[in-house]
Amino acid sequence: MISYREKEMMMVMKYLALHSNEFAIQIADSKNRMSINQEVSKLKNPLPEISDYSSLVEYVQNCGYSTTLRINDLLSQEELNQLEKEYDLIEQDFKEQTGLNKTDIAFIVVAVLLQMTRQYLQPSLDFDAFSSKDKKDDHNESAKKAKDSVDNQKVDEKKTKAGQDQTKGSRYYHASLDEIADINHVPYDTVIGTAKYNVNLSGTNHRVKTLGHDPWLGYLFGTCNILTNTMSLGKDNNFRTLHIGKDATGRPSAIAEANPAKMFEYSIKRFKESKSTVGLAVMKQAYHIKSDEYSKQGIGLPFLQVLCDSSTIQQLCESGIDYAKLDFLGDISKQTMFAEVVNYIISIAHRVTILLQENKTDEASFTLKQLLQKIKKSTPLYDVRTKKVIMISECIASSANALIVGGIEIAAAVTDNTELAKEALGKLDIGGYLSTIIHLFKDIRFISKIKKDFIAKSIEENYKEKLAQLQ
């Protein structure tokens with residue numbers, strides 16, 4: 001470690017070395033003058049009268065010099081050239097050890113195919129979440145689309161199994177199997193008769209006042225409502241529960257106050273008696289949420305019926321802050337998660353392959369446990385190769401997705417095929433793009449760090465070797 005005083009001395013020496021040429025020129029000029037008998041002028045000392053070391057240091061610093069050391073101050077040009085040559089050799093060694101070989105190329109091809117298969121199989125994005133209210137479907141059209149997406153075969157299977165339910169008929173806290181299987185109607189959509197219980201539901205506000213319409217809590221409260229023919233109300237109505245039955249004309253109507261605790265009790269009892277019946281109720285709940293999600297009124301964000309009053313939820317929905325957009329973001333998160341799963345599988349398989357190739361070269365054998373330990377302790381240089389495989393494969397897959405979707409969009413625009421354009425747009429792999437960007441920033445930084453460490457270690461070993469030769 002060079003002390004500060006040593007740095008000052010080197011600064012002064014540098015100044016003297018650079019300015020000693022001026023004094024040497026004066027001496028040479030005086031010598032020439034003396035040889036031809038000319039008058040010799042008085043030599044000019046470039047330095048002022050300096051009596052101590054601190055004054056010299058101060059003078060040199062005032063001339064613009066500093067104690068900051070540069071490699072040019074310590075090494076000659078020849079030594080600098082040699083150092084640059086050694087650095088280039090170390091860089092070349094790093095490239096050779098982390099460069100991609102045929103095995104890595106094969107993994108890139110497999111990874112690209114897996115990512116493109118994921119892009120094709122994953123659920124499509126629904127950009128209707130960002131449509132203006134006047135362009136969204138009305139409830140009937142939205143319900144029809146949701147119904148078309150229902151797996152009718154699965155519903156029929158559940159209904160057949162639920163047919164073994166021994167408890168028949170409809171009564172308090174017990175909906176009949178036919179009522180549960182009627183996928184078009186849920187008890188918490190009921191508006192008639194609610195005014196008698198100071199609830200005052202309407203076609204425009206019932207979604208923000210009932211817990212069955214909460215996109216997440218609805219799977220608990222809405223399912224229980226379907227099983228027990230009840231309606232669970234939100235914060236506006238102090239979380240009360242109403243029985244739903246038929247009025248004199250046979251229409252669904254609120255007929256009495258109900259006990260929330262008993263609603264849960266009888267739902268659990270129904271689950272014990274017939275799990276298929278409960279499964280059918282859950283499917284009905286999922287369908288109903290889907291049918292409301294992309295309609296003009298939409299449904300609020302999760303848990304708002306518990307935390308806010310209905311007017312606030314309705315204002316948020318009208319402002320475009322609804323569950324459809326949250327669901328859209330959720331789909332993007334799923335895309336990113338699935339992309340990372342593929343990356344993880346490729347990473348593990350790639351490292352195992354490298355270790356097996358190394359094992360084949362060393363003619364050694366190890367157990368599965370030893371293999372897992374070796375994977376955990378794999379050298380950073382192997383990790384660099386794996387990171388490169390992931391980065392390149394993700395870039396190729398993301399670029400291919402963008403080009404394919406873009407090409408289909410152009411074709412759809414030329415042929416004026418709006419349905420094809422919408423379908424193609426839904427296949428955009430936004431989550432995959434995010435995964436690619438994350439890996440580009442994260443992995444490039446990782447590779448740069450490994451390269452820096454590799455160069456530093458190589459230089460240190462190089463100089464240790466040279467010191468050993470000198471001893």
Side-chain angles (χ1 to χ4, degrees), residues 94-95 98-131 324-354 375 378 380-415 417-451:
F94 179 81
K95 287 179 182 178
T98 60
L100 301 180
N101 55 30
K102 291 181 180 179
T103 302
D104 302 325
I105 300 300
F107 267 96
I108 289 174
V109 173
V110 173
V112 169
L113 292 175
L114 285 176
Q115 292 288 10
M116 293 185 73
T117 303
R118 170 192 63 79
Q119 292 167 356
Y120 177 75
L121 294 177
Q122 69 192 4
S124 297
L125 297 176
D126 196 334
F127 285 88
D128 286 345
F130 298 93
S131 299
K325 291 184 178 60
L326 180 64
D327 198 25
F328 181 86
L329 295 176
D331 287 339
I332 292 176
S333 300
K334 289 175 189 175
Q335 290 181 342
T336 305
M337 181 183 69
F338 294 148
E340 288 302 315
V341 168
V342 173
N343 290 337
Y344 180 76
I345 293 170
I346 292 296
S347 298
I348 295 297
H350 185 256
R351 291 179 188 178
V352 168
T353 303
I354 291 175
I375 291 173
S378 58
L381 297 182
Y382 290 162
D383 291 342
V384 168
R385 284 173 58 189
T386 301
K387 299 286 186 186
K388 285 183 177 180
V389 167
I390 297 300
M391 280 195 302
I392 294 172
S393 63
E394 282 220 295
C395 285
I396 294 173
S398 293
S399 300
N401 176 263
L403 289 172
I404 291 170
V405 172
I408 296 174
E409 286 293 328
I410 292 172
V414 171
T415 58
N417 190 334
T418 55
E419 193 63 32
L420 178 62
K422 182 179 179 181
E423 187 178 341
L425 195 62
K427 288 298 179 182
L428 268 180
D429 187 28
I430 298 176
Y433 302 158
L434 291 175
S435 177
T436 301
I437 293 169
I438 290 169
H439 277 283
L440 282 173
F441 281 99
K442 185 180 176 182
D443 293 349
I444 288 175
R445 188 167 57 183
F446 172 83
I447 293 171
S448 299
K449 180 182 181 301
I450 298 301
K451 182 180 179 181

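- K451 NZ to S448 OG: the interatomic distance, rounded to the nearest 0.5 Å, is 7.5 Å.
- Two residues are said to be in side-chain contact when any heavy atoms from C-beta on lie closer than 4.5 Å; N401 and M116 fail this criterion.
- Taken to the nearest 0.5 Å, the CD1 atom of I346 stands 6.5 Å off from the CZ atom of F107.
- The salt bridge (Lys or Arg N to Asp or Glu O under 4.0 Å) test with D104 is passed by exactly one of R385, K387, R351: R385.
- The side-chain hydrogen bond (donor to acceptor under 3.5 Å, both in side chains) check on T117 picks up nothing, with sequence neighbours excluded.
- You'll find the side chain of H350 stays beyond 4.5 Å of the side chain of K388, heavy atoms only.
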**OP:** Give the intermediate values and the outcome of side-chain contact (heavy atoms from CB on, under 4.5 Å) for residues D383 and F446.
**Re:** CA-CA 9 Å; D383 291 342; F446 172 83; 3.8 Å; yes
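- Using a 4.5 Å heavy-atom cutoff, the side chains of Q335 and L434 are not in contact.
- Side chain of Q119 to backbone of A397: a donor-acceptor contact under 3.5 angstrom is found.
- A heavy-atom distance below 4.5 Å is found between the side chains of I444 and M391.
- Side-chain polar atoms of S347 and T386 form no donor-acceptor pair below 3.5 angstrom.
- Across C395 and T436, no two heavy atoms sit closer than the pair SG-CG2, 3.9 Å.
- Annotation: side chain of P123 is not in contact with side chain of K334 (no heavy-atom distance under 4.5 Å).
- In terms of heavy-atom proximity, G432 sits nearest to R118 at CA-NH2, 4.1 Å.
- A distance-only check finds no donor-acceptor pair linking the side chain of D443 to the backbone of L440 [under 3.5 Å].
- Interatomic distance, OG of S333 versus CG of D327, reported as 10.5 Å (0.5 Å rounding).
- Checking each of L425, L420, N417 against I408 for a side chain to side chain contact (heavy atoms under 4.5 Å, CB included) leaves exactly one that passes, namely L420.
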Original post:
Checking side-chain contact (heavy atoms from CB on, under 4.5 Å) for the pair I108/L100: CA distance, chi angles, key distance, verdict?
Top reply: CA-CA 10 Å; I108 289 174; L100 301 180; 3.9 Å; yes
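- S393 is linked by a side-chain hydrogen bond (donor to acceptor under 3.5 Å, both in side chains) to nothing, counting only residues two or more places apart in sequence or in another chain.
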**OP:** Start with the C-alpha distance between E394 and Q115, add both sets of side-chain angles, then the distance that settles side-chain contact (heavy atoms from CB on, under 4.5 Å), and finish with yes or no.
**Re:** CA-CA 7 Å; E394 282 220 295; Q115 292 288 10; 3.7 Å; yes
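- When atom types are taken as modelled, the side chain of K427 and the backbone of Y120 share a donor-acceptor pair closer than 3.5 angstrom.
- Between D128 atom CG and F328 atom CZ the span is 10.5 Å, to the nearest 0.5 Å.
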**OP:** Check the pair L428 / Y433 against side-chain contact (heavy atoms from CB on, under 4.5 Å), numbers first and verdict last.
**Re:** CA-CA 9 Å; L428 268 180; Y433 302 158; 3.3 Å; yes
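- Shown here are the side-chain hydrogen bond (donor to acceptor under 3.5 Å, both in side chains) partners of T336, two or more places apart in sequence or in another chain: there are none.
- Atom CD1 of I430 and atom CG of D331 lie 10.0 Å apart (nearest 0.5 Å).
- Side-chain atoms of L381 and F94, non-hydrogen and from C-beta on, do get closer than 4.5 Å to each other.
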